[in-house]
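Just below is one structure, and these are the notes that go with it.
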Amino acid sequence: MPVSACQTDLQQPISEHLLSLLEAAVSLEKWPIAKLISLFEANTEQGFIQRHQLMAYIQQQPKLASRRAYIVGVTGAPGVGKSSLIGELCLQLLKQQPGAAIAVLAIDPSSHNSGGALLGDRTRSLFPVGEKRLFFRSQSSALDLGGLSRKTFQVTRILQYLFDYIVIETVGVGQSEVEVAKLCDHSFFVMQPLAGDQLQFIKSGIMEMPDSFIINKCDEQQYAEQSLQQLEASLRTTRSLLKEGEESVIPPVFLSSSVTKQGFKDLADYITGLSVNEGNRNNTSNKENYFIAKWVRYLYGEYGYNIYINNVANKVDGSMSYEQKQLLFKQSIDNKNSLISVPNQ
Amino acid sequence: MKNKKPHLIYDDQGKAVSDRPWIFRTYAGHTNVWESNQLYRSNLAKGQTGLSIAFDLPTQCGYSSDHEIAKPEVGKVGVPVNSLDDFHVLFDQIPIDKMNVSMTINGTAMWLLALYIALAEERGIDISTLKGTTQNDLIKEYLARGTYIFPPEDSIRLIVDMYEYSLQHIPDWNASNICSYHLQEAGATPVQELAFALTTAITVLDAIKERGCFSAQEFERCVGRISFFVNAGMRFVEELSKMRAFVEMWDEITRDRYGIKDPKYRRFRYGVQVNSLGLTEEQPENNSWRILIETLGVTLSRKARCRALQLPAWNEALSLPRPWDQQWSLRLQQVLAYETDLLEYPDLFDGSHVIESKVKDLKEKAYAEISNIIDMGGGMAAVKNGYMKSALVKSQSERIDRLAKGQQIVVGKNKWLEGLPSPLVSGDDGGIFKIDVNSAQKTIESLKNSRRSRDAQRVAESLAVLTADAEQGNNLMPASIECAKARVTTGEWSATLRKVFGEYRPPTGVDGQAMEITTNRGGVQNKINRFVEQYGYRPRMVVGKPGLDGHSNGAEMIAVAARNAGFDVIYFGIRISAAEIVHSAIEENVDVIGISLLSGSHNEIVDQLSAELNKAHADIPVVLGGIIPQADIANLTAKGIKRIYTPKDYDLMMIMDDIMDVINEHKLSPCG
């Protein structure tokens with residue numbers, strides 16, 4: 001369904017129903033949050049309009065939804081224990097900050113054949129039923145390259161006002177590290193002790209993206225130490241090659257074990273420390289611009305991207321909503337070619 | 001000794017003899033210890049020669065009958081056992097020193113063996129006379145049956161503890177029973193059955209060897225105690241060949257891998273329950289013939305004849321069998337063993353080129369798969385990485401696909417569907433067994449009495465020793481026997497070890513599934529495409545398996561089929577409470593909840609589910625699949641269940657298509 005909305009649609013006042021959903025979501029009611037997420041995922045005209053209305057309303061009433069989530073990305077190959085790690089990390093964060101609220105967004109790949117997806121759900125099993133401070137949602141990657149879905153960014157737009165932390169879990173497939181780094185304020189790459197293949201990953205240069213590393217499943221001290229030394233040595237080599245001339249700074253490496261429950265306190269402390277400093281956050285406006293450019297390029301290729309850069313990028317400003325920017329692009333491309341219809345996401 | 005005829009069996013003195021029949025068993029146990037004791041005594045009076053005990057799910061999963069998760073399941077699929085007091089009732093007037101007793105028990109096998117030993121000691125029976133088997137095959141629990149509790153390493157340790165203790169104290173006890181039975185029920189091909197079961201045996205023996213607790217001679221005897229529990233399906237010539245392959249491969253593996261010299265200890269000893277998977281809900285009387293034919297596969301070839309046999313009942317696809325149904329199956333065994341001349345001949349298939357070649361083919365493929373798994377790191381590695389589980393779910397889906405396409409014929413199910421109404425199911429009880437819903441109360445009362453009358457100090461002390469022994473790596477049998485005598489409960493014993501070992505969640509069979517189902521996908525895909533266009537997202541479904549029943553492969557097949565149809569599917573394994581399923585459904589904002597139930601506790605679990613949905617004010621349609629008696633369907637529909645799928649509905653894409661109708665109807669209703 002194409003964007004056929006116009007500025008007047010966006011200016012309609014927010015409905016009572018939507019407003020009551022938002023108010024309930026702010027007080028961490030599960031069902032309303034779940035519905036709002038779906039609204040940010042939906043590729044419909046109505047979704048497009050309501051997303052704008054919600055974001056505009058939150059801007060006007062900054063006191064209504066006052067949380068500002070720190071967004072953490074967790075990537076790594078299948079089987080390295082990301083889900084259990086995230087479960088333990090969330091419980092630890094809550095222990096240290098009982099007033100905090102955390103949303104976990106887990107992304108699994110879609111089938112190329114049917115478009116459907118099997119969404120893993122191991123993390124939830126660690127969360128007590130009825131715990132309002134923890135919210136878990138699965139998302140299919142759709143068929144986007146890069147492990148994240150277009151919907152992922154959309155959903156963080158609303159969740160960031162409802163929670164103090166958002167944790168995004170994806171399978172590391174190379175390209176996704178770039179996406180995760182753009183979307184998240186801080187990204188972790190998780191690996192297992194003595195995982196030679198992942199060291200190859202590092203050497204191949206994909207690995208400059210993660211901000212920090214976690215060696216998980218460090219159930220045995222000896223392997224843990226050995227892996228730590230190997231990883232640090234590899235990082236030193238890689239980073240010095242990448243940044244020739246600069247002094248190489250090795251990113252932090254954490255050791256953790258879901259079996260012995262070790263390492264989570266350090267990890268939680270570290271994340272808390274990062275979150276209190278505004279300088280450790282990605283700029284929202286830059287983020288939006290990145291994802292709108294990605295959207296344009298994905299759907300219209302270089303042709304659309306050039307139109308965006310030349311006719312739209314210079315006109316957008318910080319006060320515009322994502323939808324207003326989309327609309328601006330739509331008007332611009334309509335002028336060029338009235339036959340192209342513009343999807344909502 | 002001259003003039004021996006090849007068609008006769010001779011004894012050591014050269015006299016022509018007949019074989020003794022195999023042990024006749026009936027897998028039985030239900031309601032409570034009083035009812036089950038009655039049942040065992042009447043079965044023995046009918047000529048049954050061994051006992052095969054079915055325990056209820058709470059007992060199998062390590063919960064006492066009054067635990068919240070246990071309540072819907074008490075006495076449903078077997079007998080509940082909470083403490084030694086229950087065992088005294090269960091075996092009342094049954095001569096356990098003369099009886100061969102097989103217990104289908106796994107996660108809590110050590111506990112039930114400890115209870116049995118404590119019972120013998122309190123009765124003043126020499127425990128070295130005890131004969132029987134604890135099933136205790138945890139690998140197939142992780143793969144197919146789901147009553148595991150502890151992580152793989154700890155489970156293997158308990159198994160090895162039991163072998164060590166048994167060899168020294170109860171030499172005729174089979175501490176574990178390697179099962180290929182459940183693998184076939186879960187969809188395994190004959191090659192997978194051979195390979196996975198033998199891999200399991202290798203895993204156990206390797207662990208025993210690694211502990212080094214036996215002398216070379218003791219180890220020989222220990223290998224001789226490894227027994228198997230096998231399945232037999234409708235392709236009875238192939239099944240017969242499979243049994244011969246098992247015999248030959250076990251002889252070769254014990255000789256070549258473990259250097260066992262005495263052929264007696266290399267013998268493949270096995271019991272059988274024939275296949276229930278192929279029994280149909282449609283025209284259920286046909287199942288009687290199926291059971292007979294399946295029996296031939298494990299009895300015809302003398303070289304590969306089973307030691308003990310238990311048969312399902314003709315109406316197993318409808319519900320749990322009644323005593324009469326079980327008697328009918330027992331009679332089949334008696335007719336075959338005593339009315340025919342089968343037991344008068346040596347092996348009928350020696351020298352058959354056809355059988356020889358078939359056996360060779362099965363063996364080659366099975367050996368290839370075994371070495372594949374060993375290269376992967378062995379049986380435990382192939383559990384943890386989900387390899388074997390995924391292979392089973394794939395085979396099962398392929399079987400279903402063949403049924404749906406009519407490539408595999410099942411009479412009355414996908415061919416010759418028209419039939420006259422069966423008088424067998426028209427009695428007052430509809431031909432099915434019903435458990436008195438109030439019977440659990442008697443069990444719970446008895447549990448309370450045991451707790452009241454026991455010595456609290458002795459309980460605390462025995463549990464403390466159990467914890468310490470578990471932490472220090474000591475053999476846990478002595479501590480468990482003392483716990484039994486102190487009247488520790490099933491829940492307490494299990495909870496104590498859960499604290500030390502933790503509880504395991506294995507990979508689900510849906511991980512990494514590449515299965516494709518193509519039948520009639522067009523219809524459902526069109527519906528899904530229209531849905532995506534209209535609502536701007538893919539239809540979302542939670543597939544849940546609430547309660548303690550762990551036969552998860554059906555639910556996993558549904559999950560994979562839904563993904564292949566184009567749904568976004570949330571699936572998260574077994575032993576999930578109704579509250580957890582509803583909680584997930586809400587957070588995920590799904591369009592439909594799909595529930596799989598096989599244990600007969602659907603009424604109770606549907607009530608729990610409805611209560612949770614109401615509490616959350618969430619209006620999400622629920623569909624149900626599993627073994628649901630016709631008589632319960634109206635009641636479940638009245639409770640708001642939108643659709644009920646039974647084994648009759650084997651075309652997965654038709655189910656998906658129908659679920660899309662449920663979703664679309666709901667979207668159009670005022671609350672959607």
Side-chain angles (χ1 to χ4, degrees), chain A residues 1 29-48 78-79 83-84 103-104 106 108-131 134-142 149 151 258-261 343-345, chain B residues 151 384-386 502 505 507-508 510-514 516-517 521 524-525 528-529 532-543 556 559-573 575-577 579-590 612 615-619 656:
Chain A
M1 211 181 297
E29 297 289 331
K30 301 271 183 199
W31 191 228
I33 296 171
K35 296 214 161 216
L36 285 184
I37 293 175
S38 296
L39 195 149
F40 275 78
E41 289 178 338
N43 180 21
T44 57
E45 186 78 37
Q46 197 195 16
F48 179 83
S83 298
S84 309
V104 178
D108 279 301
S110 297
S111 151
H112 281 268
N113 224 325
S114 72
L118 276 169
L119 305 173
D121 195 3
R122 304 283 198 74
T123 312
R124 190 191 326 264
S125 64
L126 288 161
F127 293 171
V129 168
E131 172 57 83
L134 288 169
F135 192 98
F136 186 100
R137 179 76 168 227
S138 324
Q139 209 174 44
S140 59
S141 66
S149 139
K151 295 177 295 190
S258 303
V259 176
T260 63
K261 316 267 183 215
N344 296 293
Q345 274 195 341
Chain B
K384 288 193 208 163
N385 68 15
R505 286 184 72 80
T508 61
V510 303
D511 297 338
Q513 269 303 307
E516 287 305 328
I517 298 174
R521 202 171 85 180
V524 63
Q525 278 204 322
I528 289 180
N529 289 342
V532 173
E533 221 163 276
Q534 187 171 358
Y535 299 108
Y537 70 96
R538 285 197 171 274
R540 292 166 76 83
M541 177 185 337
V542 157
V543 176
E556 297 184 345
V560 174
R563 191 274 312 264
N564 285 355
F567 283 85
D568 276 351
V569 186
I570 293 110
Y571 172 71
F572 47 115
R575 254 183 261 167
I576 305 292
S577 69
E580 285 168 315
I581 288 172
V582 170
H583 176 77
S584 292
I586 287 173
E587 285 192 344
E588 298 288 357
N589 194 17
V590 296
E612 290 292 337
K615 206 162 77 188
H617 305 293
D619 181 46
M656 294 307 140

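Within every chain, numbering begins at 1; the chains are lettered A, B, ... in the order of the sequence lines, protein sequences first and strands thereafter. Keep in mind it's a predicted model, so treat the numbers as computed, not measured.
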Q) Can you check whether F136(A) reaches E588(B) side chain to side chain, under 4.5 Å on heavy atoms? A) yes

When every non-hydrogen atom of I586(B) is compared with those of W31(A), the smallest separation belongs to CG2-CE3, 3.5 Å

Closest non-hydrogen atoms of G115(A) and D568(B), given as atom of the first, atom of the second and distance, are O-OD1, 4.2 Å

task = Applying side-chain contact (heavy atoms from CB on, under 4.5 Å), run through V569(B) and L119(A) and close with a yes or a no.
result = CA-CA 6 Å; V569(B) 186; L119(A) 305 173; over 6 Å; no

### Query
Side-chain contact, heavy-atom cut-off 4.5 Å: N589(B) with I37(A)?
no

**Asked** Does a side chain donor of either Q525(B) or S114(A) reach within less than 3.5 Å of an acceptor in the other side chain?
**Response** no

Between the OH atom in Y537(B) and the CG atom in N43(A), the distance rounded to the nearest 0.5 Å is 13.0 Å

Q) Charged N to carboxylate O below 4.0 Å: is that the case for R137(A) and E587(B)? A) no

Only one of N564(B), I570(B), V560(B) passes side-chain contact (heavy atoms from CB on, under 4.5 Å) with L118(A), and that residue is V560(B)

